[in-house]
2 protein chains.
Amino acid sequence: MDEYDVLKLENQLCFPLYAASREIIKFYKPLLDPLGLTYTQYLVMLVLWQRRKMNVKELGDTLFLDSGTLTPLLKKLESMSLITRTRSEEDERVLIVETTVKGRRLRDKALDIPAEVSALTGLSQDESLSLYALLYKLLGSAKAE
Amino acid sequence: MDEYDVLKLENQLCFPLYAASREIIKFYKPLLDPLGLTYTQYLVMLVLWQRRKMNVKELGDTLFLDSGTLTPLLKKLESMSLITRTRSEEDERVLIVETTVKGRRLRDKALDIPAEVSALTGLSQDESLSLYALLYKLLGSAKAE
DNA sequence: CTTGAATTGATTGATTGCAATTTAATTTTA
DNA sequence: TAAAATTAAATTGCAATCAATCAATTCAAG
């Protein structure tokens with residue numbers, strides 16, 4: 001054990017986290033292609049399917065993304081007629097994002113995706129739950145910063 | 001519980017994985033800035049500090065990255081005089097990447113980084129180990145694809 | 001009221017990440 | 001051996017991601 005062992009790739013937690021995240025996103029690709037969505041666009045739609053109407057700030061807080069990522073992505077979803085973007089009348093700084101009928105209809109096509117991805121992970125339900133809990137704990141620390 | 005509950009953001013494993021990965025990368029930013037490295041460049045250096053000499057294919061297999069990502073990144077590290085890029089003499093298709101003296105010296109400046117990041121995650125050692133094991137299991141499934 | 005601070009999104013620039021294609025070199029096979 | 005298949009890396013094009021900055025709006029203190 002020399003002093004440099006702490007720098008070995010296999011001793012870092014960050015690396016499997018980073019790699020696993022990217023690999024899971026690849027699981028989604030063939031499932032999302034028929035819907036015409038990228039992974040990040042899918043996450044935005046997931047949120048909007050639940051809430052229907054949200055502003056950019058709330059969307060960013062929910063997904064840990066900032067306007068630099070969201071602005072072009074939302075414009076793209078708007079150009080696909082899945083959402084509308086309108087300024088709030090009470091506060092002109094706020095941009096309200098809302099699903100269209102077409103956007104909401106897309107939800108039905110996504111229903112089978114979670115189960116298919118879950119099967120690909122190779123984790124049992126218990127393992128998924130443990131992983132889930134640990135990740136949210138980590139995210140809690142990140143938010144606390 | 002309606003049929004759409006499976007599409008709730010908080011019922012997806014992919015989301016905390018994706019968000020936690022990005023948040024951890026942000027932990028590294030202030031620690032890597034003094035070294036002049038980005039997170040991905042740091043991962044490449046971690047691998048090369050261990051092996052010193054590798055080709056692009058091996059590097060890609062290790063980090064789950066392809067030449068589209070690695071080629072420009074390695075050119076950047078070369079321009080910073082941290083590595084050299086040379087074609088193999090036995091097989092001209094193969095590009096050998098190797099650390100320079102300057103590249104190896106940078107290692108000493110990175111020694112404290114893992115401990116500092118680990119502290120920021122807010123996870124106990126046991127939790128880190130569980131998380132680590134689950135992520136590698138997931139990565140195993142991905143590799144098996 | 002008015003000035004200064006805070007907030008919200010948009011923009012810009014650099015880096016990643018990846019799929020798809022291309023080029024060059026090597027290996028296999030007919 | 002010649003043609004076909006394979007392999008390694010580079011290139012291209014598009015979409016993220018994020019830091020930093022900017023502009024417009026709102027809010028708050030004096």
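Order of the sequence lines fixes the chain letters, A, B, ..., with proteins taken first and strands second; residue numbering starts at 1 for each chain. The structure presented is a predicted model; accordingly, all values stated were derived computationally and were not measured.
Atoms CG (A:D33) and C1' (D:dC14) sit 13 Å apart, rounded to a whole Å. Rounded to whole angstrom, the span from the CD1 atom of A:I25 across to the P atom of C:dC18 amounts to 8 Å. Atom CG in B:L59 sits about 17 Å away from atom C1' in D:dT7, given to the nearest Å. Atoms NZ (A:K29) and C1' (C:dA20) sit 10 Å apart, rounded to a whole Å. Look at CG on B:L32: it is 15 Å from C1' on D:dA19, rounded to the nearest Å. Distance CZ (A:R22) to P (C:dT16): 12 Å, rounded to an integer number of Å. Across the protein-nucleic acid pair, B:L74 atom CG and D:dA10 atom P stand 8 Å apart, rounded to whole Å. A:Y28 has its OH atom 16 Å from the P atom of C:dC18, to the nearest Å.
Side chains of B:K76 and B:T38 form no contact here, defined as non-hydrogen atoms less than 4.5 Å apart. Side-chain contact between B:T100 and B:E78 is absent, with no heavy-atom pair separated by less than 4.5 Å. With contacts defined as side-chain heavy-atom distances shorter than 4.5 Å, the pair B:L17/B:L135 qualifies.
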Atom pairs and distances, side-chain donor-acceptor, residues 25-37 of chain A, under 3.5 Å, sequence neighbours left out:
{"unit_1": "A:K26", "atom_1": "NZ", "unit_2": "A:E23", "atom_2": "OE2", "d": "3.1"}
{"unit_1": "A:K29", "atom_1": "NZ", "unit_2": "A:D33", "atom_2": "OD1", "d": "3.2"}
{"unit_1": "A:K29", "atom_1": "NZ", "unit_2": "A:D33", "atom_2": "OD2", "d": "3.0"}

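Criterion: ILVMFWY side-chain heavy atoms under 4.5 Å apart, direct or through other members. Under it, B:L138 and B:L129 are not part of a common hydrophobic cluster.
Between B:F64 and A:F15, the angle of the ring planes lies from 30° to 60°, which puts this pair in the tilted group.
Residue A:Y18 places at least one side-chain N or O under 4.0 Å from the OP1 or OP2 atom of C:dG17. The side chain of A:N55 contributes an N or O atom lying less than 4.0 Å from OP1 or OP2 of C:dG9. Contact between the side-chain N/O atoms of B:K26 and the OP1/OP2 oxygens of D:dC18 is found at a separation under 4.0 Å. For the pair B:K75 and D:dT11, the criterion of a side-chain N or O lying under 4.0 Å from OP1 or OP2 is met.
Residue A:T38 is in sugar-phosphate contact alone, with no base atom involved, counting any heavy-atom pair closer than 4.0 Å across all strands shown. The residue A:T40 sits close only to the backbone: its heavy atoms come under 4.0 Å of sugar-phosphate atoms, none of a base. Using a 4.0 Å heavy-atom distance criterion, A:L65 is classed as a sugar-phosphate-only contact.
No donor-acceptor pair under 3.5 Å is formed between the side chain of A:D5 and the backbone N or O of A:K8. Proximity of a side-chain donor or acceptor of B:T121 to a complementary backbone N or O of B:S118 within less than 3.5 Å is detected.
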Got a list of protein N/O to nucleotides 21-23 of chain C N/O distances below 3.5 Å?
none

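The stretch residues 76-96 of chain A touches DNA chain D through A:K76, A:E90, A:D91, A:E92, A:R93, each having a heavy atom within less than 4.0 Å of the strand.
Between B:D66 and B:Q41, the residue anchored closer to the 5' end of DNA chain C is B:Q41, taking for each the nucleotide with the nearest heavy atom.
Looking at the side chain of B:S67, the nearest of the listed nucleotides D:dT11, C:dT15, C:dC18 is D:dT11.
You won't find any donor-acceptor pair under 3.5 Å spanning the side chain of B:T71 and the base of D:dA9, going by distance alone.
Pairing each heavy atom of B:L70 with each of B:V56, the nearest pair is CD1-O, 3.9 Å. Heavy-atom minimum distance, A:P72 versus A:S67: CD-O, 4.0 Å.
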